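Inspection log for the structure reproduced underneath, given as structure tokens.
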Amino acid sequence: MPWGVVRVGVPTQRAEWPGRGASRVGASNRRGGGPCRPRGRALRILFHPSSRCGVMTTIFHKIIQREIPADIVYEDAHLIAFRDIGPQAPVHVLFVPKQDVPTLNDVPEDAPEIVGRLAVAAARYAKAQGFAEDGYRIVMNCNGHGGQTVYQLHLHLLAGAALGRFGTPDA
Ligand code: DGP
């Protein structure tokens with residue numbers, strides 16, 4: 001988990017935290033409140049790029065919270081599914097867990113159901129929409145080389161036409 005970096009990486013010397021006491025910042029992170037992202041290059045790397053004040057805030061969290069609109073096609077207690085804003089196929093739906101999980105790397109080993117639920121929900125959606133037999137593709141991008149741009153775990157469901165090859169590095 002990116003947050004582990006915060007826990008183990010908090011400097012203990014006050015001089016490393018310009019204008020703030022090290023213990024104050026570390027304690028605030030543990031509580032999830034207090035001062036926001038610390039200033040200075042050395043401090044920024046302690047925070048996951050999608051985090052703010054120790055709380056996940058991505059565009060997908062805002063969709064889950066209904067802070068911004070989306071074309072939601074499915075929702076239950078564990079996940080939400082909505083149409084991708086820039087579809088890469090005739091059908092392009094994103095399945096997103098409600099639990100904070102930045103990337104596939106961060107899925108707890110004792111909670112594989114987080115990923116399983118996304119895949120099963122996508123398959124159910126494909127069956128319900130009538131394209132399961134024709135076929136579809138599910139994709140999970142992870143971090144930079146995987147092309148991940150939104151740091152809340154999500155599964156892409158692509159369908160509606162025969163899809164081309166994928167996985168080719170950018171030229
Ligand atoms: P990825 O590159 O795997 O992190 O995919 C992120 C996807 O999220 C990308 O295909 C575009 C989509 N997306 C980004 N912002 C929004 C948004 O505000 N609304 C919706 N519906 N989709 C978005």
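This chain uses plain numbering: 1 for the first residue, then up along the sequence. Values in this document were obtained by computation on a predicted structure and should not be read as measured data. Counting starts at 1 for both ligands and their atoms, following the listed order.
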So, 4.0 Å and heavy atoms of [X]: is ligand 1 close enough to count as a contact?
X      : value
His156 : yes
Gly86  : no
Tyr151 : no

Option nearest [atom] (shortest heavy-atom distance, choices [options]):
atom                    : options                      : value
atom 6 (C) of ligand 1  : Gln88, His92, His154         : His154
atom 10 (O) of ligand 1 : Asp71, Asp84, Leu155, Leu153 : Asp84
atom 22 (N) of ligand 1 : Ile85, Thr149, Val139        : Ile85
atom 3 (O) of ligand 1  : Ile68, Asn141, Leu94         : Asn141

- Should the ring pair Phe60 and Phe82 be called parallel, tilted or perpendicular, given that the plane angle runs from 0 to 90° and is split at 30 and 60?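 Correct class here is perpendicular.
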- Task: Please report the shortest heavy-atom distance between Ala122 and Ile138, naming the atom on each side.
- Result: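 Heavy atoms only, the tightest pair is CB-CG2, 4.2 Å.
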- Mark yes when over 12 heavy atoms from residues, nucleotides or ligands other than Arg137 sit less than 6.0 Å from its CZ; otherwise mark no.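 Yes, CZ of Arg137 has more than 12 neighbouring heavy atoms, counting only those of other groups under 6.0 Å.
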- Query: Backbone or side chain, does any N or O of Ile63 fall under 3.5 Å from an N or O of ligand 1?
  - Reply: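 Such a contact does not occur with ligand 1.
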- Item | ligand 1 N/O within reach of Val150 N/O, cut-off under 3.5 Å |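 Indeed, backbone or side chain, Val150 has an N or O that close.
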- Message: Starting from atom 18 (O) of ligand 1, what is the nearest protein heavy atom, named by residue and atom, and what distance separates them?
- Response: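 Closest protein heavy atom to atom 18 (O) of ligand 1: Ile59 CG1, 3.4 Å.
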- Task: Looking only at protein heavy atoms, identify the closest one to atom 21 (N) of ligand 1 and say how far it is in Å.
- Result: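 The closest heavy atom on the protein side is Arg83 O, 2.8 Å.
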- Pull out every atom of ligand 1 sitting under 4.0 Å from any heavy atom of Phe60, numbered as shown with elements.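 It comes down to these atoms of ligand 1: 8 (O).
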- Hey, does Pro169 have a side-chain heavy atom less than 4.5 Å from the side chain of His145?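 The answer is no, as the side chains (C-beta and beyond) never meet within the 4.5 Å cut-off.
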- Message: Is the shortest side-chain heavy-atom distance between Lys98 and Val96 below 4.5 Å?
- Response: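 The answer is no, as the side chains (C-beta and beyond) never meet within the 4.5 Å cut-off.
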- Approximate separation, where rounding is to 0.5 Å, of His154 NE2 and Leu79 CG: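 The CG atom of Leu79 is 14.0 Å from NE2 of His154, to the nearest 0.5 Å.
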- Query: Who passes salt bridge (Lys or Arg N to Asp or Glu O under 4.0 Å) against Asp134, sequence neighbours left out?
  - Reply: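 Once residues adjacent in sequence are excluded, Asp134 has no partner under the salt bridge (Lys or Arg N to Asp or Glu O under 4.0 Å) criterion.
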- Query: Between Glu133 and Lys127, does a salt bridge (Lys or Arg N to Asp or Glu O under 4.0 Å) hold up when you go through it step by step?
  - Reply: CA-CA 8 Å; Glu133 293 303 317; Lys127 290 173 191 165; over 6 Å; no
